[in-house]
Amino acid sequence: MSTTLKEKPGSLLLAALVGLCACAAVVQLQGLSRQRIGLGLLALVVVVIALLSRQTKVVLLFAWVLSVGHYRRYELPAIAGVEGLYCLPADFCLLALYGWWAYELIVLKRPLAPQGPAFWRWGALWAVVLVVSAAQADDLWRSAGEFFRILEVLLILLFCRYNLGRRQWWSCAVALGLSACLQGAVGVLQVTTGKLLPPQEEGAWIRAFGTMNHPNVLATFLLLLSPMLLALLVGARRPGLRAACALGALPAFLGLGLTLSRWPWALALMQTALVLTGFMLMGSLRLKQVLGAIPVGAVILVILLLPVRQKVIDRLTGDLRDSIEFRSELGAMALQMVAQKPFFGVGLNNFTIQLVNHAPRYGPEAEQAEEQIQKGTRNPMVVHNLYLLLLAETGILGFAAFVLFILKALGRGIQAVRSSEGALRSASLGLLVGMIGSLGHMMTDFTLWFEPPLFSFALVAGMLNNVPVVAGASADRAPEERRLQAEVLNT
């Protein structure tokens, strides 16, 4: 009996989990909504499949990537005075991943072998500065609650470094592409049918949300992930892979357009140009091929825009002046905060408090923003420029650490493109361009600070960090790993 349990620890763990879930369901079923019951059953199915399969980590990783796009907050009570704590469905999936990793290390005695450089340390440096910034904030506990989200970014980077081999890397890539496709498709359905939309004010624009809480969040998410599908569509050699990427890219780009976010429209065109330029520099495309594709793309774009041309024109010109004035005024307030506390800023998540102090007329809007937070969104009464927001809240030192972290991430992306080939190179190029586009969007917004784009950005950075090893370009890899990677490249 003991030998059987040692040989099949997964079966014992599965039985225990099913029993605990069944007991919890019996006690709590009557007080749960249908949505929560559905999520619970889905989570149970994922756990069963993961434990019964021989690729538990791959299944859990795939489920986590898909869950990142589902923005549904569950508020938690204050812990040791720290307020504003909440959890997301993705948090449970990440916890399961870390639990399985611990099981591999402790029970299965698998070695702790890094699959990439220690890139997460640059994020840790940024986190240290954020701790100092939070410690001198007017509302310390408000900053502490915000810091936990940054800590989760470090956990994602750390997990990627030790766990993203070739199979896990491509599992993440497929899940990211599928997530972009699904989010775009949901956005298309929301605009065309008027269903699946959150409650809105009368007369508001009907815009694509996906399963997120604001169209601009979806726009940032799709700017990050859609270029990978485009790059694989252009660079992949297998017809099946190219067809799959075409089917995924179409709803993703349509969903991006239907967010009615102006600056992301221009960024998407720039990203397309960057992807094509990248392939030309790598020798995969010729200039005449690109020039020949431009008229075709222009015709397709015109055909897609004709049915909604008036809506696009109204969106481009309707409230543009008010939007610019609003952003400019909040930007001026942010610079005043920097002048007041230049080194460590006013503290994470303290911008709105200081805004009311600097401009009391924003008091009613700030109170309304706090009510929106209770309904499951983030505070919109901050400067709509992520770089100015970080400069105001974390000071010059925090902003410098963030810029260093971003530059290192982009450097890893360039190295990934240089050290890989084939489909892996195409995917790496698309992910790098996606990072550039999402960072460009932050010149007029702060939506990268929301969990779906933020956690996806951390995953993309972790994936690009591991590409040299995945591609077989690492000089210190083990002989067996070298042989397996060579077989993959030859195939």
Side-chain angles (χ1 to χ4, degrees), residues 83-84 122-151 153-154 216-217 220 263 322-370 372-373 378-410 435-436 438-450 453-454 457:
E83 298 180 353
W122 297 101
L125 174 64
W126 178 39
V128 170
V129 180
L130 294 184
V131 170
V132 179
S133 173
Q136 51 87 52
D138 289 348
D139 193 332
L140 172 62
W141 303 123
R142 193 182 183 106
S143 293
E146 186 87 347
F147 179 76
F148 280 108
R149 294 189 313 105
I150 308 303
L151 182 61
V153 171
L154 300 183
N216 289 350
V217 180
T220 305
W263 179 227
D322 294 339
S323 177
I324 293 175
E325 291 179 354
F326 173 75
R327 283 167 165 77
S328 299
E329 189 169 1
L330 289 180
M333 296 293 177
L335 293 177
Q336 291 181 20
M337 296 179 196
V338 175
Q340 181 182 2
K341 293 186 176 181
F343 295 108
F344 293 103
V346 299
L348 278 174
N349 207 17
N350 273 244
F351 184 93
T352 305
I353 298 175
Q354 297 298 324
L355 177 64
V356 175
N357 294 336
H358 282 79
R361 65 182 179 278
Y362 281 108
E365 288 86 350
E367 292 180 4
Q368 185 179 6
E370 293 293 335
Q372 293 185 24
I373 294 175
R378 295 193 56 75
N379 196 331
M381 283 305 299
V382 297
V383 57
H384 282 45
N385 180 312
L386 180 62
Y387 309 110
L388 284 179
L389 176 62
L390 288 175
L391 191 59
E393 290 194 342
T394 66
I396 296 174
L397 295 180
F399 179 72
F402 172 76
V403 171
L404 182 60
F405 170 73
I406 293 299
L407 291 177
K408 287 292 181 180
L410 294 176
M435 292 176 67
I436 295 172
S438 60
L439 290 170
H441 187 201
M442 295 307 98
M443 295 174 63
T444 61
D445 220 317
F446 65 104
T447 45
L448 189 60
W449 218 229
F450 289 71
L454 178 64
F457 189 95

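Note that these values count all heavy atoms, side chains included, but never hydrogens, waters or copies made by symmetry.
Remark: Val153 engages Leu157, Leu454, Phe455, Ala458 in a side-chain contact (heavy atoms from CB on, under 4.5 Å) (not counting sequence neighbours). Residues that satisfy the ring pair (Phe, Tyr, Trp, His ring centres under 6.0 Å) test with Phe399, not counting sequence neighbours, are absent from this structure. Contacts of Thr394 classified as side-chain contact (heavy atoms from CB on, under 4.5 Å), with partners at least two apart in sequence or in another chain: Leu130, Ser133, Leu348, Leu390. Shown here are the side-chain contact (heavy atoms from CB on, under 4.5 Å) partners of Ile396, two or more places apart in sequence or in another chain: Pro342, Leu391. Listed by chain and number, the residues in a salt bridge (Lys or Arg N to Asp or Glu O under 4.0 Å) with Lys341 are Asp138 (sequence neighbours excluded). Shown here are the side-chain contact (heavy atoms from CB on, under 4.5 Å) partners of Ser438, two or more places apart in sequence or in another chain: Thr220, Leu224, Phe457.
Asn385 contributes a side-chain N or O that, together with a main-chain N or O of Met443, makes up a donor-acceptor pair within less than 3.5 Å. Remark: the backbone N or O of Gly345 is not paired with any side-chain donor or acceptor of Glu393 at under 3.5 angstrom. Checked by atom type and distance alone, the side chain of Trp263 pairs as donor or acceptor with a backbone atom of Gly440 at under 3.5 Å.
Trp126 and Phe402 have tilted rings, their planes meeting at an angle from 30° to 60° on a 0 to 90° scale.
With contacts defined as side-chain heavy-atom distances shorter than 4.5 Å, the pair Phe405/Leu125 does not qualify. Counting heavy atoms from C-beta on, the side chains of Leu410 and Met435 come closer than 4.5 Å.
Here the closest heavy-atom approach between residue Ser143 and residue Gly347 is recorded as OG-C, 3.8 Å.
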